[in-house]
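Since the structure comes first, as structure tokens, the remarks are kept for the end.
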Amino acid sequence: MKRKLVTVVMLALILANLGCSDKYRKAAEAARDFAVAVQAVQQAEIALHSQGMVDDQEHLQFEGLLVNVASAGKQVDSVILQASKGGNVEAALDAAIQSTNSLLQDGTLHIKNPQAKAQLSAVLLGAKALLDTIAAVIR
Amino acid sequence: MTPEQIIQLIQLVSVLEPPVVAAVMALLQKLQGKSTDEILGEADSIWDGVRAAALKELGK
């Protein structure tokens, strides 16, 4: 009887934890997809610059911004990791997502070529949607 | 409780109900795939790549 009880308790624990770890894994996957999306934006911008659709000044601004986005992205990763270990990270998550989001919003402000701007904005929009997914999953 | 801790717990009590525990372990390991830590490690590596490429473009 005691053995059965231990087994049932153990199964309940496992099932409860599966739901929880699944939540953080989904957030981690969204964070990885977000990094991939930003990397795609960077490659697109470098290509547009080499085609002359983004001028040197805009290119330097954009790449400078990406240095900061990379730091903010790693901060998001770190927050998800802390959350998966049971940490209370709501405020840190909000701060990391907000700073990443605002960096991305500034990304295309200085780009004058409408075609290049539209192209980069579209990819950035996809990246921002992934940030929303992370926030929704963690909360 | 992390999946790794659960696996350890299952191993500790596996003497009690070996067939059930074996089935649960197999299911858990199948469901686990890459751990959250591993996925976040991949994301961090991508960010390192983005940063390195940006610094290269900036000539730093």
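Remember, it's a predicted structure, so these values are computed and weren't measured experimentally. Order of the sequence lines fixes the chain letters, A, B, ..., with proteins taken first and strands second; residue numbering starts at 1 for each chain.
Looking at V36(A), the atoms closer than 4.5 Å to chain B (heavy atoms on both sides) sit in the backbone and in the side chain alike. Only the side chain of I46(A) has a heavy atom closer than 4.5 Å to any heavy atom of chain B. At a 4.5 Å heavy-atom cutoff, S78(A) makes no contact with chain B through either its backbone or its side chain. The part of Q42(A) that comes within reach of chain B is its side chain, from C-beta onward, which places non-hydrogen atoms under 4.5 angstrom from that chain.
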Please walk me through it: do E42(B) and D77(A) pass side-chain contact (heavy atoms from CB on, under 4.5 Å)?
CA-CA 10 Å; E42(B) 285 177 5; D77(A) 296 346; over 6 Å; no
Run the side-chain contact (heavy atoms from CB on, under 4.5 Å) check on I80(A) and L40(B) step by step: do they pass?
CA-CA 8 Å; I80(A) 295 169; L40(B) 290 171; 4.0 Å; yes
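Counting non-hydrogen atoms of neighbouring residues, nucleotides and ligands closer than 6.0 angstrom, the CD atom of Q115(A) reaches no more than 12 such neighbours.
Across all their heavy atoms, A35(A) and A43(B) have their closest contact at CB-O, 4.0 Å.
Both I97(A) and L130(A) sit in one connected hydrophobic cluster of ILVMFWY residues. Membership requires side-chain heavy atoms under 4.5 Å apart, directly or through other members. The hydrophobic cluster containing V76(A) also contains Y24(A), counting ILVMFWY residues as joined when their side-chain heavy atoms lie under 4.5 angstrom apart, directly or transitively.
Residues K26(A) and I39(B) fail the side-chain proximity criterion, which asks for heavy atoms closer than 4.5 Å.
Going from atom NZ of K74(A) over to atom CD1 of I46(B) covers 11.5 Å, rounded to the nearest 0.5 Å. Here the CD atom belonging to E63(A) is positioned 11.0 Å from the NZ atom belonging to K56(B), to the nearest 0.5 angstrom. Taken to the nearest 0.5 Å, the CZ atom of R32(A) stands 12.5 Å off from the CG atom of D44(B). One distance of note links CG of L58(B) with CG of L60(A); it measures 6.0 Å at 0.5 Å rounding.
Counting heavy-atom pairs closer than 4.5 Å to chain A, the top residue among R51(B), E38(B), E57(B) is E57(B).
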